[in-house]
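Chain naming here is simple, since letters A, B, ... match the order of the sequence lines and numbering starts at 1 in each. All heavy atoms count here, side chains included; hydrogens, waters and symmetry mates do not.
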Amino acid sequence: MSRYEPQAVEKKWQEAWQNAGTFTAVADPAKPKYYVLEMFPYPSGRIHIGHVRNYTMGDVVARYKRSAGHAVLHPMGWDAFGMPAENAAMEQGGHPKDWTYGNIAVMRDQMKPLGLSIDWSREFATCDPEYYGQQQALFLDMLDKGLVYRKNAVVNWDPVDMTVLANEQVIDGKGWRSGAEVERRELTQWFFKISDMAGDLLDALDGLDDWPAKVKLMQANWIGRSRGLQFAWELTAPVHGHDRIEVYTTRPDTLMGASFLGISPDHPLTRALEADNPDLAAAVAQMRKGGTTEEALEKAEKLGFDTGLMVRHPLNPDWELPVWVANFILMDYGTGAIFACPAHDQRDLDFCRKYDLPVTDTFVALDDPQPVGKTAFVPPKTEKVKWLNHFAGLDVATGEEAIDATIDHMERKGLGTGVTKYRLRDWGLSRQRYWGCPIPVVHCADCGVVPEKKENLPIELPDDVSFDVPGNPLDRHPTWRDCACPSCGKPAKRETDTMDTFVDSSWYFARFTAPRATTPTDPEEVRYWMNVDQYIGGIEHAILHLLYSRFFARAMHLTGHLPESATEPFNALFTQGMVTHAIFQTRDDKDRPVYHFPEDVELRDGRGFLKDGTEVEIIPSAKMSKSKKNVVDPVRIIRDFGADTARWFVLSDSPPDRDVEWTEAGAEAANKHLNRVWRLAGDIAALEGAPTEADATLLREMHKTIFDVTGGIDSFGFNAAIAKLYAFTTTLAKSSAGAEAKRTAMRALAQLMSPMTPHLAEEIWQMLGGEGLIADAPWPVADPAMLVEDTVTLPIQVNGKRRSEITVPKDMPKEEVEKLVLAEEAVAKALAGGQPKKLIVVPGRIVNVVI
RNA sequence: GCGGGCGUGGCGGAAUGGUAGACGCAUCGGACUUAAAAUCCGUAGCCCUCCGGGGCGUGUGGGUUCGAGUCCCACCGCCCGCACCA
């Protein structure tokens, strides 16, 4: 028997699409547009099966929308800047540029055989000077609008690699690469003013109806809005020009429980006191050690230092409290100073117990009015509690009510102001790295920081750099830094910081609408193509990438590069699950795990054995990892089974938002099924025979399948859609309908499969004499008249349990159905001559007899 | 600690409040074959059965409903996000 030969067939149709320019995106005002985008890949060197799943999902949507009459934009590019390229240069020699472009070439070659409906003419890499030059232009416009600024900030500094590290690059307080103890260092850094938009970024989440609730929630938590009171504590004696300390609190209602006033080690007052207090300076130096990550801070023990200063309680000038420096107070939240209320805050309590400071209850539980011991009493803010001599006269009230009442009270007395604050901080974009987009400004001795002139863009990275010494090669380059001040023309120095790679990915979606434009975007193209109608990617980008992109879209609107309608750039978001694989493991003589490649393991009855007969332990469905040897290589899958099999399998087994486990058996089954469809198509193409009475049934099934599969694709129910396609294949194979009806049904099946298995679909289309490319054929539409049966089978329940069924004409009146139901033997038996209490007929669905 | 999600056969999973287990994998039986592969057909939640059928079943316990995998409450288990944020 002949077999389907995917390798030859897939190549043939990829060439046909290429030659016909089938997937070139063309703006056509006569058509509705649809922009499908999958998060673009980092050019690590090889594609992995997760890419296959991600891009296949996008491709299904893109091909379906195209068939359904949309002008579709489905582009691909490369998120190409970043540290791995520099690390490769440091470890293996070579240049980050060569490494990156080499990887892109390899990955493009691995990706193209998947047969994705991508408009490759729009491809770009973020390290192309044409791209990052426009990014520099964007930066200058944002600088002009006050959306970028420079400030001193405390950062994670790796003293060996001599660079700033992002929080996630600090592991257990040490640099992830160098292993050196990370220091908190204050540096002048560039920042995007994302915090200005915190309120809008939070409020606008409500309008994102087609985003997963989980992602919106994660963003909302990240932005973290809180309402509180800002007010001042007067020092008993002014010191270093400070006569008061500003404090922010979300629990002003606990003001009477104040124990001490705490200030951050980075507070201006701390810095002033350090100068003439060596003990304090030493203590503060200790506190500043270690990373700034929240995790590192949590593990750190509470440290404090009594400054000896005293402040007066705002509600009682006779009440004096000590001022402590405490390591758990962050300078960049609130005012960098707090009042501690140990009775109702665990870390304040820990601190007070350690340093023997007073603990005063301000409220107690209604049912159990115990004073606080080792555990702070922190009930939900919605729970009613009993207040102890509250200054605004509260007795029994919830925390919420008390907070509102207190803010009100303090504002009326002119003692403080209600303030809304956000957890979200400005986005530090400076990186002391080579392989990134240069920040296009110049430092002039006379003019200060001067923006580069737009006509000088792109400021290109120099090629002649070395990576044999740690630190930023741009800093030590002999000539690259030298330039003329754009303002006064005198010799000046370029900024050597480059941009965080998150900047690159924060606007690439807009650039795809006009990737060769000589401005960041082209107004006409961007108006036509934006927004991204469907964005698809991993949940790991739920916060940073998506939040930054939302910020950039707003910034690009303010700078005239995006229309207002694109300030929320992604209409719908889908977060797909991972592709996982079992781990095969044995133990060595020291009981350490030894991992085995799937191809070295033979599976029998759910158990796995090595070639020498040793049984392996199977750890199911784990994240793929090279070190665990549970990685499947898409290149091998495509070679062995073809791209259509890989595409079909990654979609078929699990809902797209959940993880799917790659199994060899599953891939083989997918391959078998596609072969079966191919053979069936061949049989049907050769079939002769007049119409039969089975034609109507087959066509009815066909229309149902069209309806179900279309609905499945529309709602990202790819696995369910594929299940319907399996079922319809069996129906078609068993049908005794005539040749014409079968050919019609087969063509519909090919069309419905075409988004998932486009090559096979083209092949079948051709076998059955379909006109042109199936990719150009209009999507089949289900005829509503064919979806309703003439008769329906109604299950009959007695007290909610199924007892029988009747088949009746679909529009039979209720009364007649009721008569038939009561006449049913099973019903009559259950009634035993009596009358039912109730008879519920849900037309077309079910009947329930209540006895 | 705070927030969110999910628990359905041996496995992946399906099911607008309306016949639970579609579809696929694995399993078992059969056909074709000298044989195997490939292919095709059939069976399959658990228990009982006089073979007509009956009972029990979607993590556990309650509730709403004519009817609950689906809605509500409590609990158990697993997964994820955030976390010294004042």
Side-chain angles (χ1 to χ4, degrees), chain A residues 1 3 212-222 224 226 228-229 247-252 254 262 264 294-302 326-330 332-341 344-348 350-351 376 378 380 421-425 539-540 542-543 603 605-606 620-621 649 652-655 657-661 663 665-670 672-673 675-676 679 717 719-730 733-734 793-805 826 836-842 844-851:
Chain A
M1 189 179 288
R3 278 184 67 86
K214 183 187 172 76
V215 173
K216 287 190 278 186
L217 194 74
M218 282 164 73
Q219 291 217 354
N221 289 340
W222 187 263
S226 63
L229 181 76
V247 158
Y248 174 75
T249 179
T250 56
R251 294 307 299 259
T254 63
S264 164
E294 283 155 344
E295 193 192 359
L297 288 169
E298 189 200 2
K299 282 179 189 156
E301 206 192 331
K302 303 267 174 297
N327 65 336
F328 65 87
I329 302 167
L330 308 173
D332 45 9
Y333 191 82
T335 61
I338 61 156
F339 78 83
C341 179
H344 308 296
D345 184 302
Q346 191 59 46
R347 63 204 156 144
D348 291 351
D350 293 345
F351 191 92
V378 191
K421 287 206 189 279
Y422 297 90
R423 206 188 76 109
L424 182 68
R425 296 175 221 164
I539 187 81
E540 67 272 21
I543 296 173
L603 292 172
D605 296 346
S621 201
F649 178 69
S652 66
D653 247 30
S654 290
D657 52 344
R658 260 190 249 177
D659 292 351
V660 64
E661 181 170 1
T663 62
E668 277 167 19
K672 265 186 207 176
H673 178 72
N675 262 296
R676 181 178 171 226
R679 277 195 313 274
N719 58 325
I722 283 178
K724 299 285 181 192
L725 290 169
Y726 268 106
F728 185 59
T729 305
T730 302
K734 291 185 176 173
T793 300
L794 296 179
I796 298 175
Q797 295 182 335
V798 176
N799 289 340
K801 293 217 180 288
R802 185 182 177 283
R803 281 294 177 269
S804 181
E805 62 182 33
K837 272 191 205 152
K838 216 171 183 182
L839 190 55
I840 293 147
V841 178
V842 183
R845 295 231 70 123
I846 204 165
V847 180
N848 194 8
V849 185
V850 186
I851 296 173

For the residue pair [X] and [Y], establish whether any side-chain heavy-atom pair is separated by less than 4.5 Å.
| X | Y | result |
| --- | --- | --- |
| Lys672(A) | Arg676(A) | no |
| Leu839(A) | Val847(A) | yes |
| Phe649(A) | Thr663(A) | yes |

Could you check whether [X] gets within reach of a base, just the sugar-phosphate, or nothing at all, counting any heavy atom under 4.0 Å?
| X | result |
| --- | --- |
| Glu661(A) | nothing |
| Lys837(A) | nothing |
| Leu217(A) | sugar-phosphate |
| Ile539(A) | nothing |
| Lys216(A) | nothing |
| Ser654(A) | sugar-phosphate |

Answer yes or no: is there a donor N or O on one side and an acceptor on the other, between the side chain of [X] and the main chain of [Y], under 3.5 Å?
| X | Y | result |
| --- | --- | --- |
| Asn848(A) | Gly800(A) | yes |
| Tyr248(A) | Leu229(A) | no |
| Arg803(A) | Ile796(A) | no |
| Asp348(A) | Cys341(A) | yes |
| Ser264(A) | Ile329(A) | yes |

Under 4.0 Å between a side-chain N or O of [X] and OP1 or OP2 of [N]?
| X | N | value |
| --- | --- | --- |
| Arg347(A) | C85(B) | yes |
| Thr250(A) | A86(B) | yes |
| Lys672(A) | A37(B) | no |
| Asn799(A) | G67(B) | no |
| Arg802(A) | A20(B) | no |
| Arg251(A) | C85(B) | no |

Roughly how far apart, to the nearest Å, are [N] and [M] at atom [atom1]?
| N | M | atom1 | result |
| --- | --- | --- | --- |
| C46(B) | G9(B) | C1' | 9 Å |
| C73(B) | G3(B) | P | 14 Å |
| U33(B) | C28(B) | P | 23 Å |
| C47(B) | C25(B) | P | 25 Å |
| U8(B) | U60(B) | P | 10 Å |
| A31(B) | A36(B) | C1' | 16 Å |
| G5(B) | U27(B) | C1' | 33 Å |
| G63(B) | G29(B) | C1' | 47 Å |

Take the protein atom [atom1] of [X] and the nucleotide atom [atom2] of [N], then report the distance between them rounded to whole Å.
| X | N | atom1 | atom2 | result |
| --- | --- | --- | --- | --- |
| Arg845(A) | C66(B) | CZ | C1' | 16 Å |
| Asn675(A) | A37(B) | CG | C1' | 14 Å |
| Ile840(A) | C66(B) | CD1 | P | 7 Å |
| Lys801(A) | C66(B) | NZ | C1' | 13 Å |
| Tyr726(A) | G13(B) | OH | P | 15 Å |
| Phe351(A) | A86(B) | CZ | C1' | 14 Å |
| His673(A) | G24(B) | NE2 | C1' | 10 Å |
| Arg803(A) | U19(B) | CZ | P | 15 Å |

Query raised in the report: Taking the six-membered ring for Trp, are Phe328(A) and Phe351(A) parallel (under 30°), tilted (30 to 60°) or perpendicular (over 60°)?
Result: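 Taking Phe351(A) first and then Phe328(A), their aromatic rings stand perpendicular (interplane angle over 60°).
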
Query raised in the report: Mapping Gly334(A) and Ser652(A) to their closest nucleotides on RNA chain B, which lands nearer the 5' end?
Result: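 Nearer the 5' end of the strand: Ser652(A).
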
Query raised in the report: With nearest nucleotides of RNA chain B determined for Thr793(A) and Ala337(A) from heavy-atom distances, which residue corresponds to the more 5′ nucleotide?
Result: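 Final value for this comparison: Thr793(A).
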
Query raised in the report: Has the side chain of Arg676(A) got a donor or acceptor that lies under 3.5 Å from a partner of the other kind on the base of C40(B)?
Result: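 Answer no: no donor N or O sits under 3.5 Å from an acceptor.
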
Requested in this report: Spell out yes or no: do the side chain of Asn221(A) and the base of C82(B) have one donor N/O and one acceptor N/O closer than 3.5 Å?
Outcome: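 No, the side chain and the base share no sub-3.5 Å donor-acceptor pair.
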
Query raised in the report: Mind telling me whether G62(B) is syn or anti, cutoff 90° either side of 0?
Result: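 Glycosidic conformation of G62(B): anti.
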
Report task. If the glycosidic angle is within 90 degrees of 0 it's syn, otherwise anti, so just tell me which one G29(B) is. Result ->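 Anti, angle beyond 90° from zero.
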
What is the pairing partner of [N], taking Watson-Crick or G-U wobble pairs with both distances under 3.5 Å in any strand?
| N | value |
| --- | --- |
| G3(B) | C80(B) |
| C23(B) | G12(B) |
| C75(B) | G59(B) |

Counting heavy atoms from C-beta on, name the nucleotide in [options] closest to the side chain of [X].
| X | options | value |
| --- | --- | --- |
| Pro795(A) | A14(B), C85(B), U19(B) | U19(B) |
| Ile846(A) | A86(B), C85(B), U19(B) | U19(B) |
| Glu805(A) | A14(B), C84(B), U19(B) | U19(B) |
| Ala723(A) | A14(B), C85(B), A22(B) | A22(B) |
| Met218(A) | A20(B), G12(B), G81(B) | G81(B) |
| Val842(A) | C85(B), G18(B), G81(B) | G18(B) |
| Pro655(A) | G13(B), A86(B), C84(B) | G13(B) |
| Ile338(A) | C66(B), A86(B), C85(B) | A86(B) |

